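Quick caveat, the model's predicted, so the values are computed rather than measured. Residue numbers begin at 1 in each chain, while the letters A, B, ... track the order of the sequences.
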Number of protein chains: 2
Amino acid sequence: MRERILDVSLELFNEQGYDKTSLREIAERLGVTKAALYYHFERKEDILLELHLRMHALGADALRELNELDTAQARADAWPRVLDAFIDQLFANADLLLLHARNQNAFRAIGDDERHHAANEDIQEQAARLLANREIPAAQRVRLACSLGAILAAIGLHGGPLADIPQAELIEHVRVAIRDLLTPDGKDHTAA
Amino acid sequence: MRERILDVSLELFNEQGYDKTSLREIAERLGVTKAALYYHFERKEDILLELHLRMHALGADALRELNELDTAQARADAWPRVLDAFIDQLFANADLLLLHARNQNAFRAIGDDERHHAANEDIQEQAARLLANREIPAAQRVRLACSLGAILAAIGLHGGPLADIPQAELIEHVRVAIRDLLTPDGKDHTAA
DNA sequence: GTCTATATTTCGATAGAC
DNA sequence: GTCTATCGAAATATAGAC
């Protein structure tokens, strides 16, 4: 049941947003009453928190690999490879990603919560630390940031204007595009 | 006064999100009462709508230029140039962009509103139409989508992990990166 | 585990004086 | 144009029976 609540909540949060989704709606779609939800989750925030932890688990492995590398340059160099493997995983969990992209504000409010900062290292914090690392050339840091945004945009727009493109094909396009983005090619951009 | 309300609202919406920002807070920060706001805006939604119209105005010119081109291929070809000029404008209005990125749900709710669809063509719809155009090769459409996401990410992260990079430098990095992203370079990605 | 009922709070919005 | 005061709705959350 706890699982069904999380599934339905994720659906509704993505459709209408966290704030505009009431517990009554979640309960209705589940065929139960509002009060029943409180048996499984103490507060509404806890539902969102649990969904957040799932995304945290998603990237934990990949980012751990990055952090085990010694030098900052080595981490930057490894990024393309890690990112490439990452893309599949991100697309496979598009709904979790969209939840975060579309409800940044709601998650920020949770950030001040106890358990969030307490227990485990957040994936977002790890990514932020990498992007903030001044030992990496600024140009490369910007490209890293752009690559994340690019992937997220592709996933988000796959439900919209890019809906006609089969996912497998879309992923391949993204993969190649990201590789172009992350590998400066010294092309003459000043044109003729 | 109407201007001050919009300024403060934009601030608060970006800090806490549209839904979690109450009219009471906006009024408090302005040193007036809630009721005073209702003299300038009939509904809370209207504040958000007005902010939306400002972003619409932002891109209207650039996108009009695109739509005046005849063939779909011509529009795709012109995109890099338009986008390049666009980037400056987007960075100059970062707060408006972040508002939209961080409150997608709130804006979607407004989309069903009367005046929004009635009067003018929305910039987002125009961009969506371009991205959905099947006359453009899928690979290129994906790259267009990615470029938008990349720019947005750079702007969003400039307030965070990339804060130490001067804006002028950041913009230049983005400009070059986007150019790499939009021009497939036939590099051998299969590596050695 | 789920229910009915209700407490509590907060918000958007209105009425009318100044 | 701004105020005080209040309405009505909706949401989170709780209490206690089954």
Residues which pass side chain to side chain donor-acceptor pair (under 3.5 Å) with [X], listed by chain and number, not counting sequence neighbours:
X        : value
A:Asn103 : B:Asn105
B:Gln104 : none
A:Glu3   : A:Arg54
B:His100 : B:His52

What N/O pairs connect the protein and nucleotides 13-15 of chain C at under 3.5 Å? Give each pair on its own line.
| unit_1 | atom_1 | unit_2 | atom_2 | d |
| --- | --- | --- | --- | --- |
| C:dA13 | OP2 | B:Tyr38 | OH | 3.1 |
| C:dA13 | OP2 | B:Lys44 | N | 2.8 |
| C:dA13 | O5' | B:Tyr38 | OH | 3.4 |
| C:dA13 | N6 | B:Lys34 | NZ | 2.9 |

Tell me whether [X] is salt-bridged to [Y], with the criterion being a basic N under 4.0 Å from an acidic carboxylate O.
X        : Y        : value
A:Arg4   : A:Asp7   : no
B:Arg141 : A:Asp164 : yes
B:Arg129 : B:Glu125 : no

Difference in axis direction between the ends of the helix from C:dG1-D:dC18 to C:dC18-D:dG1, five pairs, 10°:
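Rounded value for the end-axis angle: 10°.
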Listed partners of [X] passing side chain to side chain contact (heavy atoms under 4.5 Å, CB included), at least two apart:
X        : answer
B:Gln167 : B:Phe91, B:His158, B:Ile171
B:Ala35  : B:Thr33
B:Glu15  : B:Glu11, B:Leu12, B:Arg29

Check this one for me: any side-chain N or O of B:Arg24 less than 4.0 Å away from OP1 or OP2 of C:dT10?
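So the side-chain polar atoms of B:Arg24 never come under 4.0 Å of the phosphate oxygens OP1 or OP2 of C:dT10.
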Any sub-3.5 Å donor-acceptor pair from B:Asn14's side-chain atoms to B:Asp95's backbone N or O?
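Looks like yes, one N/O pair under 3.5 Å.
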What pairs with A:Arg175 under salt bridge (Lys or Arg N to Asp or Glu O under 4.0 Å), at least two apart in sequence or on another chain?
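With neighbours one apart ignored, the set is A:Asp84, A:Asp88, A:Glu172.
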Going 5' to 3' along DNA chain D, between which two nucleotides do contacts with chain B fall, using a heavy-atom cut-off of 4.0 Å?
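First and last nucleotides in contact are D:dG1 to D:dT4.
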C:dC11 P sits how many Å from B:Ile47 CD1, rounded?
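That distance rounds to 14 Å.
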Touch class at under 4.0 angstrom, heavy-atom based, for B:Ser22 against every strand present:
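Here B:Ser22 touches the backbone only, sparing every base.
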With a 4.0 Å heavy-atom cut-off, tell me which residues in residues 3-13 of chain A come close to DNA chain D, sorted by residue number.
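Those residues whose heavy atoms fall under 4.0 Å from DNA chain D, taken from residues 3-13 of chain A, amount to none.
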Gap between atom CZ of B:Arg2 and atom CD1 of B:Ile47 - 0.5 Å precision:
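Between atom CD1 of B:Ile47 and atom CZ of B:Arg2 there are 9.0 Å.
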